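Heads up: the structure comes next, in structure tokens.
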Amino acid sequence: MRYLSGIQPSGDFHIGNYFGMIRQLLAAQKEHEVFGFIVNYHAMTSVYDGPKLAGGTLQAVIDLLALGIDPQKATFWVQSDVPEVLELYWVLSHHTPMGLLERAHSYKDKVAKGFSPHHGLFSYPVLMAADILLMDAEIVPVGKDQIQHVEIARDIAIKFNNAYGNLLKIPEFQVEESVAVVPGIDGAKMSKSYQNTIEIFLEYKPLKKKIAQIITEPVALEDPKEWRTCHVYSLCKLFLDEAGQRDLQARYEKGGEGHGHFKAYLADLILAYFKEARERREALMADPDRVRRILKSGAEKARTVAAAKMAQIRQATGLSY
Ligand code: ADP
Ligand code: TRP
């Protein structure tokens with residue numbers, strides 16, 4: 001099976017990104033063909049600062065490598081290094097009804113929040129469809145908020161195929177239900193846009209500070225506490241196996257510990273979980289040449305696939321003459 005997913009370099013990765021998408025991509029590497037990339041064209045919808053986009057892109061690359069994307073196994077690249085995707089984006093635009101884009105939740109949400117809409121934001125799902133269809137992706141692992149975008153890609157592919165024959169593979173999304181929506185420190189969906197994130201690579205002190213902001217019920221130290229509705233518990237759970245979850249539930253029910261103890265436990269869990277990734281990250285940050293070499297060979301691999309697919313599409317659509 002061919003797995004493909006992308007992530008925007010528009011801010012530091014957070015725990016929601018990790019459990020919602022990154023972890024699934026890493027797991028797929030073991031037995032499937034994986035295509036993973038940093039979608040810097042997409043990030044242009046919100047980042048209007050050249051050095052910031054460039055720096056964020058390189059940092060996102062380093063972070064994904066540190067978290068375990070293996071460039072030997074996976075094809076890993078930066079979106080703009082394979083510009084064929086923009087050609088397909090134009091081709092697909094003509095098979096994308098306006099109504100399909102007008103119904104996109106992420107577009108409607110941004111407009112509702114007062115974001116002044118531009119064409120890039122409106123046509124964002126068409127570029128995402130091009131990302132997916134260019135590479136013949138079969139499975140697209142994402143968090144719940146991206147399901148509709150994959151459905152739009154399917155609709156566009158079907159329309160294109162109706163016009164030109166079955167050239168495009170119809171992709172499926174994959175969402176891991178248990179982590180479909182990771183809550184942020186306020187209990188709402190963790191998202192950069194809500195300022196409620198816990199970043200994966202926060203240092204100990206800022207991490208403690210973030211976690212301290214998690215809202216908890218006021219219950220006396222000695223009294224039992226409710227874990228089912230506790231945001232600290234929900235976040236700890238991500239890092240625990242079943243036995244670990246039961247132990248923590250028992251600590252809540254027993255009383256004698258305050259939410260402060262559970263918050264300290266959460267910080268320890270996060271630091272321990274990402275310890276090795278943090279070490280790999282430091283090593284990669286000290287060796288930018290190595291990172292660039294990895295990207296160059298990843299882009300070459302991705303471009304070979306993209307060029308072959310575009311040649312077929314050019315042929316079918318009459319762009320080759
Ligand atoms: P953000 O909402 O912070 O801007 P992105 O839109 O860049 O995050 O999301 C990148 C990937 O991470 C997507 O596949 C998205 O579905 C997933 N993701 C983001 N936030 C969460 C979350 N809170 N829970 C589960 N998955 C998430
Ligand atoms: N829209 C996705 C997000 O914001 C990122 C993305 C772009 C993507 N192209 C993709 C995800 C292709 C999966 C496949 O998270």
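Every number for a ligand or one of its atoms is a count from 1 in the order of the listing. Predicted model, so just to flag it, every value in this text is computed and none were measured.
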Distance-only polar pair, side chains of [X] and [Y], donor-acceptor under 3.5 Å:
X      : Y      : value
Asp63  : Gln59  : yes
Tyr107 : Glu102 : no
Ser106 : His149 : yes

Looking only at protein heavy atoms, which one is nearest to [atom], and what is the separation?
atom                    : answer
atom 13 (C) of ligand 1 : Gln146 CG, 3.9 Å
atom 8 (O) of ligand 1  : Asn17 ND2, 3.3 Å
atom 5 (C) of ligand 2  : Gly6 O, 3.6 Å
atom 27 (C) of ligand 1 : Gly16 O, 3.3 Å
atom 1 (P) of ligand 1  : Ser191 OG, 3.6 Å

Less than 3.5 Å between some nitrogen or oxygen of [X] and one of ligand 1, yes or no?
X      : result
Gly143 : yes
Gln8   : no
Lys192 : yes
Pro141 : no
His14  : yes

Are the side chain of [X] and the backbone of [Y] linked by a donor-acceptor contact shorter than 3.5 Å?
X      : Y      : result
Glu176 : Gly20  : no
Lys208 : Glu203 : no
Lys225 : Leu221 : yes

request  = Report yes if Tyr124 has an N/O atom closer than 3.5 Å to an N/O atom of ligand 2; otherwise report no.
outcome  = yes
request  = Please determine if Ser5 has a nitrogen or oxygen closer than 3.5 Å to a nitrogen or oxygen of ligand 2.
outcome  = no
ask   = Can the ring centres of Phe262 and Tyr233 be said to be less than 6.0 Å apart?
value = no
query = Taking the six-membered ring for Trp, are Tyr18 and Phe274 ring centroids under 6.0 Å apart?
reply = yes
ask   = Looking at Lys210 and Glu199, does any basic side-chain N land under 4.0 Å from a carboxylate oxygen?
value = yes
Any idea which atoms of ligand 1 are less than 4.0 Å away from a heavy-atom of [X]?
X      : answer
Gly20  : 25 (C), 26 (N)
Met190 : 20 (N), 21 (C), 22 (C), 23 (N)
Val179 : 25 (C)
Met21  : 11 (C), 12 (O), 14 (O)

remark   = A student comparing Ile132, Ile7, Val140, Asp131 should find that the heavy atom closest to atom 9 (N) of ligand 2 comes from Asp131
inquiry  = If you take the nearest heavy atom of each of Val182, Asp145, Val175, which one is closest to atom 16 (O) of ligand 1?
reply    = Asp145
query = Mind checking whether Ile132 and Leu86 sit in one hydrophobic cluster, side chains of I, L, V, M, F, W, Y counted as touching below 4.5 Å?
reply = yes
Region of Gln79 engaging ligand 2 - heavy atom pairs below 4.0 Å = neither
Would you mind running through ligand 2 and noting each atom that sits below 4.0 Å from a heavy atom of [X]?
X      : result
Gln146 : 1 (N), 2 (C), 3 (C), 4 (O), 15 (O)
Leu4   : 12 (C), 14 (C)
His42  : 7 (C), 9 (N)
Gln8   : 4 (O)

task = Check the angle between the aromatic planes of Phe19 and Tyr273 and answer parallel, tilted or perpendicular using the 30° and 60° thresholds.
result = tilted
inquiry  = Using the rule given for salt bridge (charged side-chain N to carboxylate O under 4.0 Å, His left out), can you reason through Arg228 versus Glu226, listing the C-alpha separation, both sets of side-chain angles and the distance that settles it, and then say yes or no?
reply    = CA-CA 6 Å; Arg228 289 174 191 82; Glu226 180 55 79; 3.0 Å; yes
query = Is Val181 touching ligand 1 with its side chain, its backbone, both, or neither, if touching means heavy atoms under 4.0 Å apart?
reply = backbone
note = At under 4.0 Å between heavy atoms, what of Ala180 touches ligand 1? The answer is backbone
ask   = Given the rule in the ring-ring contact (aromatic ring centres under 6.0 Å, His included) test, do His95 and Tyr164 qualify, once you have shown the distances and angles that lead to the verdict?
value = CA-CA 11 Å; His95 303 276; Tyr164 296 109; 5.6 Å; yes
key: Working for salt bridge (charged side-chain N to carboxylate O under 4.0 Å, His left out), residues Glu300 and Lys296   = CA-CA 6 Å; Glu300 276 162 15; Lys296 187 162 177 276; 3.6 Å; yes
inquiry  = Taking the cut-offs as 6.0 angstrom to the six-membered ring centre and 45 degrees off its axis, would you call Arg251 and Tyr265 a cation-pi pair?
reply    = yes
